[in-house]
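Small disclaimer: the values here were computed from a predicted structure and weren't measured. The figures that follow rest on heavy atoms only: side chains count, while hydrogens, waters and symmetry mates do not. Start at 1 with the first residue, then count along the sequence.
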Amino acid sequence: MAQRIVLVVLFDDVQSLDVTGPVEVFTGAGLCTADPRGGYLVRTASLDGGPVRTSSGLTLVPDFALADAPEPHTLLVPGGLGTRGQDPELTGWLRENAPRAERLVSVCTGAIRLAEAGLLEGRRATTHWAYCDRLARDHPGIEVDPDPIYVRDGHVATSAGVTAGIDLALALVEEDLGREVALTVARHLVVFLRRPGNQAQFSVQLAAQTARREPLREVQQWITEHPADDLSVDALAARARLSPRHFARAFQADTGLTPGKYVERVRVEHARRLLEDTSDGVEEISRACGYGTPEAMRRAFVKLLGAAPAEYRRRFHPVPPVPPESRPAPAAPADAPIRHTHPHR
């Protein structure tokens, strides 16, 4: 299998983590494969081949000028402050050359550069949540989804801010080289298992506005701290000392969400964290999060995350490796010769 060339486009005021996060994933994956020649060859290029200064002040020295760069399997366009203004020369290069790549990837506001080059037209895409409205306004032919951490549409993949580029890179490694390689890289980078792409970009507490009125802020805090309690509109209204109708209207006006949707998202987020961080069973977690039954929790997960609790845990719960001395030896047939095998194979 030939190495896949990953070409990362560099420009002034690029976000350094948008570059180094995916680069570490793809480079690490190559080191994890039995035959490194079947992994990735990561290369970087700027328009003129000269160094670029990142938005944090670091200087990156590219391998090539874009005109001299090898034709990539995966072309990756990072984001950063440098995407705020127009860059006709880079946009022109992308418009002419990007279609030749087998896979086109953007991190954060790199999606804006792809959009300017016409490469996202008619596709579903995402970017950093703070720039989704701009992307949708400036490019109405793109179906902009502000919620997921990354979106795949054919051979084009776009991701949200900064660390979402790592999640997307891990997903691509799993697709190319298998789950075990992706998990090995994730553990090495101490990001455990990759997040599924439809996981929300930020928590419900950040997504919703903080209520302006003190009783409603107290109710928001109560919901977060007591997900297993009675969180019906009547119960929450009584806590805010408001009528249920007045409470429901005021809560939505202040937070942007109905009380029911806010409670649903808080409970899913709490359950998600328990699935990630504990070994508690699904039934126990469903009780701790205020669901009447595991089936009710499953329906909520499928609705908001697109995956059942068991699938979510399989993807994102870190499983500690079993020490070699603790692994049971497979039983051999009575007439079979004893074979000595390497304990780590």
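- With respect to the salt-bridge test (charged N to carboxylate O, under 4.0 angstrom), the residues D145 and R124 qualify.
- The side-chain hydrogen bond (donor to acceptor under 3.5 Å, both in side chains) check on E264 picks up K303, with sequence neighbours excluded.
- A search for side-chain contact (heavy atoms from CB on, under 4.5 Å) contacts involving A115 returns L120, L135, H139, I142, not counting sequence neighbours.
- By the criterion of side-chain heavy atoms lying less than 4.5 angstrom apart, applied directly or through intervening Ile, Leu, Val, Met, Phe, Trp or Tyr residues, V173 is grouped together with L189 in one hydrophobic cluster.
- The side-chain heavy atoms of R4 and T74, taken from C-beta on, include no pair separated by under 4.5 Å.
- Nearest heavy atom pair, residue A250 against residue R213, reads O-NH2, 3.7 Å.
- For the pair T109 (side chain) and I112 (backbone), a donor-acceptor distance under 3.5 Å is absent.
- Checked against side-chain hydrogen bond (donor to acceptor under 3.5 Å, both in side chains), E295 has the following partners two or more places apart in sequence or in another chain: R298.
- Of all the heavy atoms in A228 and A288, the pair that sits closest is CB-O, 3.3 Å.
- When all heavy atoms of F301 and A271 are compared, the pair lying nearest together is CE1-CB, 3.6 Å.
- A distance-only check finds a donor-acceptor pair linking the side chain of S159 to the backbone of S106 [under 3.5 Å].
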### Task
I would like to know whether E284 and R287 meet salt bridge (Lys or Arg N to Asp or Glu O under 4.0 Å); could you show each step before the answer?
CA-CA 5 Å; E284 184 179 355; R287 288 197 304 269; 5.5 Å; no
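- A search for side-chain contact (heavy atoms from CB on, under 4.5 Å) contacts involving D133 returns nothing, not counting sequence neighbours.
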### Query
Is there a side chain to side chain contact (heavy atoms under 4.5 Å, CB included) between R313 and I285 once you walk through the steps?
CA-CA 12 Å; R313 169 168 272 174; I285 290 174; 3.7 Å; yes
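- Annotation: ring pair (Phe, Tyr, Trp, His ring centres under 6.0 Å) contacts of F247 (sequence neighbours excluded): F251.
- The two atoms that bring G79 and T83 nearest to each other are CA-CG2, 4.1 Å, heavy atoms only.
- Summarising the local packing, CD of E283 is surrounded by 12 or fewer heavy atoms from other residues, nucleotides or ligands at distances under 6.0 Å.
- Checking side-chain atoms of T44 against main-chain N and O of D63 turns up a donor-acceptor pair under 3.5 Å.
- For the salt bridge (charged side-chain N to carboxylate O under 4.0 Å, His left out) test, no residue two or more places apart in sequence or in another chain qualifies with R245.
- By the 4.5 Å heavy-atom criterion applied to side chains, V107 and L168 are not counted as neighbours.
- The backbone N or O of A160 sits nowhere less than 3.5 Å from a side-chain atom of T127 that would complete a donor-acceptor pair.
- Side-chain contact between S286 and T293: absent, with no pair of heavy atoms (C-beta onward) separated by less than 4.5 Å.
- In the hydrophobic clustering of this structure, V23 does not group with L41; members are Ile, Leu, Val, Met, Phe, Trp, Tyr whose side-chain heavy atoms approach within less than 4.5 Å, directly or through other members.
- Salt-bridge check for R265 with E269: failed, with every basic side-chain N at 4.0 Å or more from each acidic carboxylate O.
- Every residue was checked against the salt bridge (charged side-chain N to carboxylate O under 4.0 Å, His left out) condition with D280, not counting sequence neighbours, and none meets it.
- Every residue was checked against the ring pair (Phe, Tyr, Trp, His ring centres under 6.0 Å) condition with H188, not counting sequence neighbours, and none meets it.
- Across all non-hydrogen atoms, the minimal contact from L75 to W93 is CD2-CZ3, 4.0 Å.
- Neither F64 nor V77 shares a network with the other; the hydrophobic side chains, linked directly or stepwise wherever heavy atoms of I, L, V, M, F, W or Y lie under 4.5 Å apart, form separate groups for each.
- Looking at T126, its side chain never comes within 3.5 Å of a backbone N or O of T158 through a donor-acceptor pair.
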### Task
Decide side-chain hydrogen bond (donor to acceptor under 3.5 Å, both in side chains) for D230 and S232; before the verdict, give the C-alpha distance in whole Å, the side-chain angles of both, and the deciding distance to 0.1 Å.
CA-CA 6 Å; D230 178 5; S232 64; 3.0 Å; yes
Output a table of donor-acceptor pairs, distance under 3.5 Å, between side-chain atoms of residues 5-16 and any protein atom two or more places apart or on a different chain; print 'none' if there are none.
unit_1, atom_1, unit_2, atom_2, d
D12, OD1, R53, N, 3.1
Q15, OE1, L17, N, 3.3

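- In this structure, the side chain of R267 engages the main chain of C289 through a donor-acceptor pair within 3.5 Å.
- Across F26 and L172, no two heavy atoms sit closer than the pair CZ-CD1, 4.1 Å.
- Residues passing the side-chain hydrogen bond (donor to acceptor under 3.5 Å, both in side chains) test with D229: none are found, sequence neighbours excluded.
- Legend: residues meeting side-chain hydrogen bond (donor to acceptor under 3.5 Å, both in side chains) with T27, ordered by chain and number and at least two apart, are absent.
- Considering only residues two or more places apart in sequence or on other chains, R113 meets the salt bridge (charged side-chain N to carboxylate O under 4.0 Å, His left out) condition with E116.
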